[in-house]
There are 2 protein chains.
Amino acid sequence: MLSQAIEDYLKAIYEVETSEGKVSTSALSEKLGVSPASVTSMMKKLSERKLIAHKRYQGVKLTPAGRKIALEIIRHHRLIELYLKEALGVPWDKVHQEAEKWEHVLSEELEDRIDEFLGYPVTDPHGSPIPRRDGTMIVRQCDALVDVEPDTLVKVVEVSDHDPELLRYLGGIGLYPETEMMVVSKQPFKGPIIIELTGKEYTIGRNAAKYILVEKANN
Amino acid sequence: MLSQAIEDYLKAIYEVETSEGKVSTSALSEKLGVSPASVTSMMKKLSERKLIAHKRYQGVKLTPAGRKIALEIIRHHRLIELYLKEALGVPWDKVHQEAEKWEHVLSEELEDRIDEFLGYPVTDPHGSPIPRRDGTMIVRQCDALVDVEPDTLVKVVEVSDHDPELLRYLGGIGLYPETEMMVVSKQPFKGPIIIELTGKEYTIGRNAAKYILVEKANN
DNA sequence: AAAGAAATTTAGACAAGACTAAAATATTTT
DNA sequence: AAAATATTTTAGTCTTGTCTAAATTTCTTT
């Protein structure tokens with residue numbers, strides 16, 4: 001049995017690995033809210049257990065075994081998020097927090113029941129793909145909203161679940177995964193992005209726009 | 001925030017207190033699967049936090065603050081048990097194990113949603129009363145099956161949830177809370193108890209019969 | 001290429017919660 | 001009531017996962 005701390009580290013490493021490519025001690029320190037020294041000592045432990053490969057001063061990489069575990073936890077997390085929304089009507093800005101704790105104590109059997117209840121879903125409420133039981137995950141090709149040229153019609157693919165306030169804002173304007181919208185303009189000097197949605201225009205800050213993934217709509 | 005260990009101790013103290021009256025170090029040691037020395041050291045901590053009253057060599061008692069917390073955890077536990085059965089069809093011999101872990105990470109908000117989903121239930125799948133949010137709990141007056149005289153018609157009130165195998169057996173013969181049955185005879189020399197249920201006779205060991213609570217049926 | 005800055009690791013400490021072995025106290029037996 | 005037994009507590013150790021401060025290595029700047 002793995003400790004919650006180990007599960008959290010593996011998950012964090014996976015997430016940094018996919019979003020930044022390289023996984024540094026400081027990135028993990030920041031993401032997990034612990035000191036860099038704590039990260040280093042955990043890296044040593046995970047290395048010994050062959051869950052990661054760690055070169056001194058050079059960052060870290062998941063081994064296949066470590067990646068498998070990370071994906072199991074992420075699967076728990078995303079199934080739980082979707083379950084809470086579908087079965088109990090928990091709003092999408094709150095499911096993350098709840099899943100963050102529950103994911104570590106979910107049995108495989110209950111995981112299966114939830115999966116079945118939901119009809120073997122493929123994405124969570126934020127549009128993130130749910131890893132399969134076998135440790136594989138379908139990754140969709142898409143761009144951050146911040147990188148899209150103006151005058152493009154796009155479809156929202158995924159919204160990061162880590163900022164509840166952003167989620168409440170986006171929910172308020174009706175911006176969810178699968179929603180189509182027009183990128184109207186990008187204000188200069190790192191100004192916000194203007195989008196059009198159901199006939200109205202809204203502004204989205206550059207920073208927020210990094211966390212909204214979209215693909216070109218087939219029009 | 002209380003640690004899981006503290007929550008588990010308080011719950012165990014509550015349960016021993018209600019079932020045995022006196023709470024000894026060894027009873028807790030046994031119940032929690034830790035050494036007596038570990039119990040003593042935790043007792044010291046809980047005492048300092050004024051969650052229990054501890055007299056050296058004389059056992060332990062919950063303070064009102066400690067009891068409140070114990071009942072909150074038990075409320076989580078029982079709501080979760082019922083929820084898993086009702087919403088996801090988890091069989092009653094498996095809900096305990098799952099609830100044992102989930103109870104410690106359930107937010108108050110999700111607790112409320114589950115309570116509402118279930119229609120503000122009063123008992124869990126084993127017939128145990130669910131404590132109210134305010135820390136009160138309705139305790140029903142009833143007898144252990146082992147103490148009932150033969151030739152009595154009784155209604156099952158509650159079955160202990162701690163032995164999955166017993167639960168599977170009882171479920172198999174259709175013995176659930178609210179079920180009515182006839183106590184046919186008690187075999188001598190600590191032999192089993194014979195009951196009649198839906199026309200058939202079944203035997204229930206003396207030990208098991210201690211964990212089945214019943215009341216006289218109004219016939 | 002050397003100096004300064006930033007990131008990482010090491011060293012050592014601490015808290016929680018478990019353990020064993022030994023000492024202290026209660027309880028039971030004779 | 002003394003002896004034997006059982007229970008509880010104390011003392012000291014261990015593991016996990018955190019921390020700070022100091023040392024090391026890498027990166028950036030000039």
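Just so we're on the same page: letters track the sequence lines, and every chain starts at 1. The structure presented is a predicted model; accordingly, all values stated were derived computationally and were not measured.
A side-chain donor from one of A:Asp8 and A:His104 sits under 3.5 Å from a side-chain acceptor of the other.
As judged by a 4.0 angstrom heavy-atom cut-off over every strand, B:Ala5 is placed among residues touching the sugar-phosphate backbone only. Among the heavy atoms of the strands, none lies under 4.0 Å from B:Lys44. Residue A:Ser26 is in sugar-phosphate contact alone, with no base atom involved, counting any heavy-atom pair closer than 4.0 Å across all strands shown.
Contact check, B:Ser35 against C:dA18: no side-chain N or O comes under 4.0 Å of OP1 or OP2. Using a 4.0 Å cut-off, some side-chain N or O of B:Arg56 falls inside it from OP1 or OP2 of D:dT10. The phosphate of C:dT8 (OP1 or OP2) has no side-chain N or O of A:His54 nearer than 4.0 angstrom. Put simply, A:Thr25 has a side-chain N or O that comes within less than 4.0 Å of OP1 or OP2 on C:dT9. OP1 or OP2 of D:dG17 lies within a sub-4.0 Å distance of a side-chain N or O belonging to A:Ser3. Contact annotation: A:Ser38 side-chain N/O to D:dC19 OP1/OP2 distance is under 4.0 Å.
For B:Tyr57 against D:dT7, a side-chain-to-base donor-acceptor contact under 3.5 Å is absent.
In plain terms, the two heavy atoms of B:Ala87 and B:Phe117 that are nearest each other are CB-CE2, 3.9 Å.
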